[in-house]
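In what follows, a structure is listed as structure tokens, so that the remarks can point back to it.
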Number of protein chains: 2
Amino acid sequence: MRIPILKLNNYLLISIQTEIDDQTAIQFQEDLLDEIYKTESSGVVIDLTSVDIIDSFIAKVLGDVVTMSDLMGAKVVLTGIQPAVAMTLIDLGINMKNVPTALDLEQGLLKLHKELGV
Amino acid sequence: MRIPILKLNNYLLISIQTEIDDQTAIQFQEDLLDEIYKTESSGVVIDLTSVDIIDSFIAKVLGDVVTMSDLMGAKVVLTGIQPAVAMTLIDLGINMKNVPTALDLEQGLLKLHKELGV
């Protein structure tokens with residue numbers, strides 16, 4: 001399966017709502033970078049509200065995708081990070097220090113507006 | 001698999017991006033109606049941009065989901081309907097006469113704003 005990527009104005013919205021396996025995660029990474037390139041999006045919101053738990057591989061892919069998007073010029077905001085997910089990310093030393101986060105999709109979009117100064 | 005449903009303010013956004021099988025379609029119908037109820041959303045945008053072709057069963061489910069959402073008080077806007085999909089819907093006599101449509105997600109949201117007068 002593929003994780004749907006929605007384009008809204010010059011942002012991309014992604015809501016991860018299922019347990020994703022390694023293959024899906026890799027596919028998502030590719031798809032998202034392709035979409036950023038194709039749509040020339042300046043911002044991305046990845047909503048993790050429905051993700052209860054993540055394993056080390058998915059956490060790494062997520063960390064990578066943030067860094068890669070940044071390299072391509074798109075700012076990523078992560079939203080809806082649950083306690084267990086926050087703990088996994090920190091335990092694994094995934095560096096999310098410079099990644100803006102927000103409570104939900106609306107707050108995430110507001111944050112992007114602020115970050116990008118538009 | 002389940003089709004992710006994103007909540008943005010008092011709207012729900014859905015982008016159908018894969019070929020969906022009958023089971024996924026039924027699950028989507030249930031999930032969407034549940035979400036409308038839970039989130040008290042007043043509008044729904046279903047984006048079909050990535051759907052090249054639909055079969056009669058999926059077309060029927062789609063027609064039903066629009067009517068059901070309407071019954072529950074949520075206005076549905078369909079966006080990105082491709083030629084082949086439009087033909088299938090009409091050929092099958094699926095009544096989309098009163099369903100507002102739009103080119104893409106942004107236009108769909110604008111249309112919802114207009115329809116709902118907010």
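The sequence lines fix the lettering, A, B, ..., with proteins before strands; numbering per chain opens at 1.
B/Leu105 places none of its side-chain heavy atoms less than 4.5 Å from the side chain of A/Leu13.
For B/Val51, the side chain to side chain contact (heavy atoms under 4.5 Å, CB included) criterion is met by B/Ile16, B/Leu48, B/Ile54, B/Val85, not counting sequence neighbours.
Other residues, nucleotides and ligands contribute at most 12 non-hydrogen atoms within 6.0 Å of the CD1 atom of B/Ile90. No more than 12 heavy atoms of other residues, nucleotides or ligands shown are found within 6.0 angstrom of CD1 on B/Ile53.
In this structure, B/Val66 is not a member of the same hydrophobic cluster as B/Met87, with clusters built from ILVMFWY side-chain heavy atoms closer than 4.5 Å. A chain of hydrophobic side-chain contacts below 4.5 Å, direct or via other Ile, Leu, Val, Met, Phe, Trp or Tyr residues, connects B/Leu6 to B/Leu116. Criterion: ILVMFWY side-chain heavy atoms under 4.5 Å apart, direct or through other members. Under it, A/Met72 and A/Val76 are part of a common hydrophobic cluster.
Comparing A/Ile5, A/Ile3, A/Leu109 by how many heavy-atom pairs each has under 4.5 Å with chain B, the most go to A/Ile5.
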Suppose we count any N or O donor within 3.5 Å of an acceptor, strictly below that value; which pairs fall between chain A and chain B?
unit_1   : atom_1 : unit_2   : atom_2 : d
A/Ile5   : N      : B/Gln17  : OE1    : 3.0
A/Ile5   : O      : B/Gln17  : NE2    : 2.9
A/Asn9   : N      : B/Glu106 : OE2    : 3.4
A/Gln17  : OE1    : B/Ile5   : N      : 3.0
A/Gln17  : NE2    : B/Ile5   : O      : 2.9
A/Glu106 : OE2    : B/Asn9   : N      : 3.4

